[in-house]
Amino acid sequence: MPELPEVELYSRYFATHALRQPVVRARVLDERILGEIRKSTFAERLRGRAFSSVQRHGKHLFADAGDDTWLHLHFGMTGDLTYYADAAEDPRFARVVFDFEGGAHLAFEDMRLFGVVDLTSSPAAFIAAHRLGPDPLDSRFRLRDFQQLVANRRGAVKALLMSQEILAGIGNLYADETLYEAGIHPRRAVSDLSADEVKKIYATMRKILAETIRRKERGGDYPARSLIMHRDEDDRCPRCGGAIRKMVVFGRTTYYCSKHQK
DNA sequence: AATATTGTTCAGCA
DNA sequence: GTGCTGAACAATAT
């Protein structure tokens, strides 16, 4: 399930493979993946253009096609990108395929169709229109900015981390992972957090996101002591031996350690 | 065959 | 009106 770290890797993948090659044809294999844009308009507006750069904000990926036209990708739950040489190798769940002038192809795949492929005038316009919060890995996003977000909120801390209008990029898995490592219960009220706890959440969240990107880029897995590797009610906490519990918070299945997350 | 997942929309509450 | 939570919805492989 692509969250911020995975989308960052897609962004790098896009940048290393699919820039500066004119699009001969943009094939829409399943129109249900498209957002606002209509199929014919989508193909026409991209024909002959080359992507010059990519930008990521939260779980959203943008590729600049010039002339106030940006490709916008959202990976939903099962979105993926594949670059390949032969059109005969179109992936099974390819929904949109870009055929490049050199003969190569880039496919946006999405088995469950929760993702979106669209065009937008600019990343900034999209972010404003959808009221997305700051990206937690943005270097301009400092502790004081996070403290500000916390000060203006009530409710469960997990809801704060997962709300894209507050903070863009964290989904179910990394919200759980952050709180697990910070030792904070997912239902803890934001208004109840101490200054130290707020600081801890900020630092832990950034560390986990950045480390995951680093590890995955080298083809590595999650650490053995991470909650991600132990999302199972019958499991035990790899740090303190406490029982792993499951519950629903903010409408999502939540795992936490009953011993060190009070 | 129930379950899991995301973002959006809406109902209801304080 | 605002902020928040929870439910329903979309799709489909396992």
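Below, all heavy atoms of this structure are taken into account, side chains as well, without hydrogens, waters or symmetry copies. Numbered from 1 within each chain, the chains take letters A, B, ... in sequence-line order.
Note on A:T253: only backbone sugar-phosphate atoms sit closer than 4.0 angstrom, heavy atoms only; bases stay farther off. In this structure, A:D110 reaches neither bases nor backbone, as no heavy-atom distance under 4.0 Å exists between it and the strands shown. Counting any heavy atom pair closer than 4.0 Å across all strands shown, A:H130 reaches sugar-phosphate atoms only and no base atom. Contact annotation for A:R154: backbone-only contact, meaning every heavy-atom pair under 4.0 Å involves sugar-phosphate atoms and none involves a base.
If you take CD of A:E165 and C1' of B:dG7, they are 10 Å apart, rounded to a whole angstrom. Atom pair A:E3:CD and B:dG7:C1' shows a separation of 13 Å (rounding to whole Å applied). Summarising the geometry, the separation between CG on A:N172 and P on B:dG7 is reported as 10 Å, rounded to the nearest angstrom. One atom, CD1 of A:I166, and another, C1' of C:dC4, lie 10 Å apart when rounded to the nearest Å. The separation between A:I170 atom CD1 and B:dT6 atom P is 13 Å, rounded to whole Å. Computed from coordinates, the A:F250 CZ to C:dG3 P distance equals 14 Å when rounded to whole Å. In this entry the distance linking CZ of A:R95 with C1' of C:dA10 reads 13 Å, nearest Å.
In summary, A:R131 and A:E165 do not engage in a salt bridge, as defined by a charged side-chain N under 4.0 Å from a carboxylate O. With respect to the salt-bridge test (charged N to carboxylate O, under 4.0 angstrom), the residues A:R92 and A:E109 do not qualify.
Contact annotation: A:K246 side-chain N/O to B:dA4 OP1/OP2 distance is under 4.0 Å. Remark: A:H74 is in phosphate contact with B:dG7, judged by side-chain N or O atoms under 4.0 Å from OP1 or OP2.
A donor N or O paired with an acceptor N or O is found under 3.5 Å between the base of C:dA13 and the side-chain atoms of A:R112. A donor N or O paired with an acceptor N or O is not found under 3.5 Å between the base of C:dG6 and the side-chain atoms of A:R252.
Between A:D135 and A:H57, the side chains place no donor N or O within less than 3.5 Å of an acceptor N or O (distance only, hydrogens not considered).
Between A:F42 and A:F98, the ring-plane angle classifies as tilted under the 30° and 60° cut-offs.
With distances taken from any side-chain atom of A:K59 to the nucleotides B:dG7, C:dC4, C:dA11, the minimum falls on B:dG7.
Only one option out of A:F14, A:F51, A:F126 pairs with A:F62 in a ring-ring contact (aromatic ring centres under 6.0 Å, His included); it is A:F126.
Stacking of A:F114 onto the six-membered ring of C:dA10 is present: less than 5.5 angstrom between centres, less than 30° between planes.
The 5' end of DNA chain C is approached more closely, in terms of each residue's nearest nucleotide, by A:S163 than by the other of A:M111 and A:S163.
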